[in-house]
Enquirer: 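Before I ask anything, here is the structure I am working with.
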Amino acid sequence: MRLTVDIEGLNLEKLLRAAAQGGITLRQARRLEGRTMRVSLPFWQMKALRALCERFGWELREHSAGPVLRSARFLRRRCMLAAGMLLCAALVYASSQMILAVRVEGAQENVAEVRVFLQEAGVRPGRLKQSFSLDSLREQLALRLPGLSFAGVRYMGSTLLVDCQPAREGEQAMIAGSGMDIVATQSGIITHIYAGSGTPQVEVGQAVYKGQVLISGQERTQAGEVRTRQAQGEVRARVWARGDARVSLRVMRTVETGQTRTRVTIKTPWSERVVRDAQPFDEQDQSTRIEPVVGLFLPLWREIETYAEITVVPEAREKGDAASMAQGAAEEIAKKQCPSDAIILDKWVDYSMIDDEFVYATVVLEYEDSIGGRNAAP
């Protein structure tokens, strides 16, 4: 930490010699004018230099201080501010490591049981986050409350959030079929598994394929024997629905050639007569208007049909428009494969183009669903 000072007086070279003899380290000495010199020195030698200047009659003025010294002076003048800042930082860190609130969502009629479980587990405001394992809480909660098909435990800042999904009726057990095992009806990634009877063969987070055994129809007794019984339980997983669609980059547009023909028919409520006939074009737009016959107070009118010749012209479609249309169509196809009450968790879209004629879009939707089914009886 250094100081830069200005020294004014006569015979400043004598100052440099006297400072060197007194052990004062002066650096970056330079004259500003005839009687003024600017030098740099360590701040702890300032007292000795001031005494030297007073002895020989030189005037000493501080010019600037280094950044470290300025910070030290600021903190010394603001000691209470520094202490408050340190205390605030300590409190913020401490609060980030603690549970300040516990919130339960989606438990419905199971909310009281969830709160009792949390109290028994010691989860309450004021406890340190590191005192609990979220994975362990999640597993224990799933075993404790079979009325929940899913229970997620996570932190939102300093709030412990327990996000529950109640099980729908018939979701947990009694899967129809005569087989002994419960197998996957489609591929997915396991999010929840509950076995009322039988032995689970997979775990949460594991990827499974269609037909894989999820809950085996075998159990091991306390005596170590293996007995066979029909597996009962519920397995939920993240699964996917896919839709593919294509849209042409060429659109057919009709253009009028300018050629028209008119057909006029006189009509009454009882009869009609063509007074001007015209043959239709192979490709045409047709318009009709009805006019009363002016000057006659009779139920008589004139029907005028106009034929306008058109030609079909191919026109290029913007790739962005085609991609958007293809994505929309593919997404509709994928949604039809999802249950009506499915909540879409994620979506992937992929585009490709072949021969500059078509834009292909593939949409994959991810949602959560029950995938447990019964295998065929042996």
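Bear in mind that the values here come from a model prediction, so they are computed numbers and not experimental data. Throughout, numbering of the chain's residues begins at 1 and tracks the sequence.
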Enquirer: Between Val274, Thr306, Ile304, which is the residue that forms a side chain to side chain contact (heavy atoms under 4.5 Å, CB included) with Arg263?
Expert: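 Checked Val274, Thr306, Ile304 against Arg263; only one passes side chain to side chain contact (heavy atoms under 4.5 Å, CB included): Val274.
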Enquirer: Is there a side-chain contact between Trp240 and Trp348 (heavy atoms, below 4.5 Å)?
Expert: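 Heavy-atom side-chain distance check passes, below 4.5 Å.
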Enquirer: Can you confirm whether the side chains of Tyr351 and Gln327 place a donor and an acceptor under 3.5 Å from each other?
Expert: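 A pair is found: one side chain offers a donor N or O, the other an acceptor, under 3.5 Å apart.
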Enquirer: Quick one: do Leu365 and Asp346 satisfy side-chain contact (heavy atoms from CB on, under 4.5 Å)? Show the steps, please.
Expert: CA-CA 6 Å; Leu365 303 179; Asp346 207 345; over 6 Å; no
Enquirer: Does Tyr155 reach the side chain of Lys129, with side-chain heavy atoms less than 4.5 Å apart?
Expert: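 Tyr155 vs Lys129: side chains touch.
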Enquirer: Verify the cluster assignment for Ile189 and Val204: are they in a single hydrophobic cluster under the rule of side-chain heavy atoms below 4.5 Å apart?
Expert: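 They do not share one cluster, since no chain of ILVMFWY contacts under 4.5 Å joins Ile189 to Val204.
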Enquirer: Grab the two heavy atoms, one from Gln45 and one from Gly23, that are nearest each other, plus how far apart they are.
Expert: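 That closest heavy-atom pairing would be NE2-O, 3.3 Å.
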Enquirer: Count I, L, V, M, F, W, Y as connected when their side-chain heavy atoms are under 4.5 Å apart, and connections chain through other members. Are Leu134 and Leu118 then in the same cluster?
Expert: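 Hydrophobic grouping puts Leu134 with Leu118.
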Enquirer: Got a salt bridge between Glu331 and Lys347, using NZ or NE/NH1/NH2 to carboxylate O under 4.0 Å?
Expert: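 Salt bridge present between Glu331 and Lys347.
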Enquirer: Identify whether Val247 and Tyr360 are in the same connected component of the hydrophobic contact network (ILVMFWY, side-chain heavy atoms under 4.5 Å).
Expert: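 No, no single cluster joins them.
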Enquirer: Any donor and acceptor pair, going by atom type alone, linking the side chain of Glu120 with main-chain N or O of Phe117 inside 3.5 Å?
Expert: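 Absent.
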Enquirer: Looking only at non-hydrogen atoms, find the nearest pair between Ala334 and Ala241 and report the distance.
Expert: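 In this case the closest contact between Ala334 and Ala241 is O-CB, 3.5 Å.
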Enquirer: Do Ile99 and Val104 belong to the same hydrophobic cluster, where Ile, Leu, Val, Met, Phe, Trp and Tyr are linked whenever their side-chain heavy atoms lie under 4.5 Å apart, directly or via other members?
Expert: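 Linked within one cluster.
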Enquirer: Kindly indicate, with the supporting measurements, whether the criterion salt bridge (charged side-chain N to carboxylate O under 4.0 Å, His left out) is fulfilled by Arg242 and Asp244.
Expert: CA-CA 7 Å; Arg242 170 173 171 163; Asp244 298 281; 3.1 Å; yes
Enquirer: Can you name the nearest heavy-atom pair linking Ala326 to Ala245, along with the distance?
Expert: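 Minimum heavy-atom separation between Ala326 and Ala245: O-CB, 3.6 Å.
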Enquirer: Arg61 and Glu59: salt bridge (charged side-chain N to carboxylate O under 4.0 Å, His left out), yes or no, with the steps?
Expert: CA-CA 7 Å; Arg61 298 187 303 273; Glu59 183 181 352; 3.4 Å; yes
Enquirer: What I'd like to find out is whether the side chain of Met37 reaches to under 4.5 Å of the side chain of Asp6, using heavy atoms alone.
Expert: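 Side-chain contact under 4.5 Å: no.
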Enquirer: Could you check Glu357 against Leu249 for side-chain contact (heavy atoms from CB on, under 4.5 Å), going step by step and ending with a plain yes or no?
Expert: CA-CA 5 Å; Glu357 292 185 1; Leu249 288 172; 5.9 Å; no
Enquirer: Should Glu234 and Arg236 be marked as a side-chain contact (heavy atoms from CB on, under 4.5 Å) after you check the CA-CA gap, both sets of side-chain angles, and the distance that decides it?
Expert: CA-CA 7 Å; Glu234 184 261 338; Arg236 296 185 66 83; 2.4 Å; yes
Enquirer: Return the CD to CD1 distance between Glu368 and Ile190, rounded to the nearest 0.5 Å.
Expert: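 With rounding to 0.5 Å, CD (Glu368) is 10.0 Å from CD1 (Ile190).
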Enquirer: Any sub-3.5 Å donor-acceptor pair from Thr185's side-chain atoms to Ile371's backbone N or O?
Expert: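 Present.
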Enquirer: When rounded to the nearest 0.5 angstrom, what distance separates CD1 in Ile24 from CG in Leu41?
Expert: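 That separation rounds to 7.5 Å.
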Enquirer: Should the pair Arg289-Glu291 be classified as a salt bridge under the 4.0 Å nitrogen-to-oxygen rule?
Expert: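 Yes, this pair counts.
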Enquirer: Hey, what do you get for CG (Leu26) to CZ (Arg38), rounding to the nearest 0.5 Å?
Expert: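 Spacing of CG (Leu26) from CZ (Arg38) equals 14.5 Å.
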Enquirer: Between Glu272 and Thr265, does the side chain to side chain donor-acceptor pair (under 3.5 Å) criterion hold? Intermediate values first, please.
Expert: CA-CA 7 Å; Glu272 63 180 43; Thr265 305; 5.7 Å; no
Enquirer: Measuring only between side-chain heavy atoms, which start at C-beta, is Thr254 closer than 4.5 Å to Thr311?
Expert: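 No, too far: nothing below the 4.5 Å cut-off.
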Enquirer: Glu315 and Arg250: salt bridge (charged side-chain N to carboxylate O under 4.0 Å, His left out), yes or no, with the steps?
Expert: CA-CA 5 Å; Glu315 188 176 77; Arg250 296 183 179 275; over 6 Å; no
Enquirer: Quick one: does any side-chain atom of Thr268 pair with a main-chain N or O of Trp270 as donor and acceptor, under 3.5 Å?
Expert: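 Flag set: sc Thr268 to bb Trp270 pair under 3.5 Å.
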Enquirer: Is the shortest side-chain N to carboxylate O distance from Arg50 to Glu54 below 4.0 Å?
Expert: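 So Arg50 does not pair with Glu54 through a salt bridge.
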Enquirer: Report yes if some heavy atom in the side chain of Asp350 is under 4.5 Å from a heavy atom in the side chain of Val363; otherwise report no.
Expert: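 Counting from C-beta outward, Asp350 and Val363 never come under 4.5 Å.
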Enquirer: On a heavy-atom basis, which atom in Ser187 and which in Val239 lie closest, and how many Å separate them?
Expert: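 Taking Ser187 first and Val239 second, the nearest heavy atoms are O-CG1, 3.3 Å.
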Enquirer: Of the non-hydrogen atoms in Asp369 and Gln186, which two are nearest, and what is the gap between them?
Expert: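 Of all heavy-atom pairs spanning Asp369 and Gln186, the closest is OD2-NE2, 4.2 Å.
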Enquirer: Which value, rounded to the nearest 0.5 Å, describes the distance between Arg103 atom CZ and Leu161 atom CG?
Expert: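 Reported value, rounded in 0.5 Å steps: 5.0 Å.
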Enquirer: How about Val183 and Leu214: do any of their side-chain heavy atoms sit closer than 4.5 Å?
Expert: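 No. Closest side-chain heavy atoms not under 4.5 Å.
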Enquirer: With a 6.0 Å cut-off (strictly less than), is the heavy-atom count around CG of Asp282, excluding the residue itself, greater than 12?
Expert: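 12 or below, so no.
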Enquirer: Using the six-membered ring of Tyr307, assess whether NZ or CZ of Arg261 lies under 6.0 Å from its centre and within 45 degrees of the ring axis.
Expert: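 No, Arg261 and Tyr307 do not form such a contact.
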Enquirer: Hey, what do you get for OG (Ser131) to CE (Met98), rounding to the nearest 0.5 Å?
Expert: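 CE of Met98 is found 9.5 Å from OG of Ser131.
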Enquirer: Look at the side chain of Glu305 and the backbone N and O of Glu303, then say whether any donor-acceptor pair between them is shorter than 3.5 Å.
Expert: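 Answer holds: no.
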Enquirer: Would you find a donor on one side and an acceptor on the other, under 3.5 Å apart, between the side chain of Arg154 and the backbone of Leu160?
Expert: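 Between the backbone of Leu160 and the side chain of Arg154 there is no qualifying donor-acceptor contact (under 3.5 Å).
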Enquirer: Could you measure the distance from the CZ atom of Arg246 to the OG atom of Ser352? Nearest 0.5 Å is fine.
Expert: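 It is 11.5 Å, given to the nearest 0.5 Å.
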Enquirer: For Thr191, is there any backbone N or O sitting under 3.5 Å from a side-chain donor or acceptor partner on Gln206?
Expert: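 The answer is no, because no donor-acceptor pair under 3.5 Å joins these two groups.
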Enquirer: If I compare all heavy atoms of Phe132 with all of Arg127, which pair ends up nearest, and what's the gap?
Expert: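 Looking at all heavy atoms of both residues, the shortest contact is CE1-CB, 3.7 Å.
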Enquirer: Please determine whether the number of non-hydrogen atoms from other residues, nucleotides or ligands lying under 6.0 Å from atom CD1 of Ile343 exceeds 12.
Expert: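 No, because the 6.0 Å sphere around CD1 of Ile343 holds 12 heavy atoms or fewer from other groups.
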Enquirer: Could you tell me whether the side chain of Val5 reaches within less than 4.5 Å of the side chain of Val39, counting heavy atoms only?
Expert: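 Counting from C-beta outward, Val39 and Val5 do come under 4.5 Å.
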Enquirer: So Arg276 and Thr262, side-chain contact (heavy atoms from CB on, under 4.5 Å) or not? Walk me through it.
Expert: CA-CA 8 Å; Arg276 181 190 299 174; Thr262 304; 4.2 Å; yes
Enquirer: Below 4.5 Å, heavy atoms only, C-beta onward: do Thr257 and Ile310 meet side chain to side chain?
Expert: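 They are not in side-chain contact.
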Enquirer: Check the hydrophobic clustering (I, L, V, M, F, W, Y; side-chain heavy atoms under 4.5 Å; chains of links allowed) and say if Val102 and Met156 are grouped together.
Expert: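 In one cluster with Val102: Met156, no.
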Enquirer: Examine the side chains of Gln130 and Gln97 and answer whether a donor and an acceptor come within less than 3.5 Å of each other.
Expert: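 Gln97 and Gln130 do not have a side-chain donor-acceptor pair below 3.5 Å.
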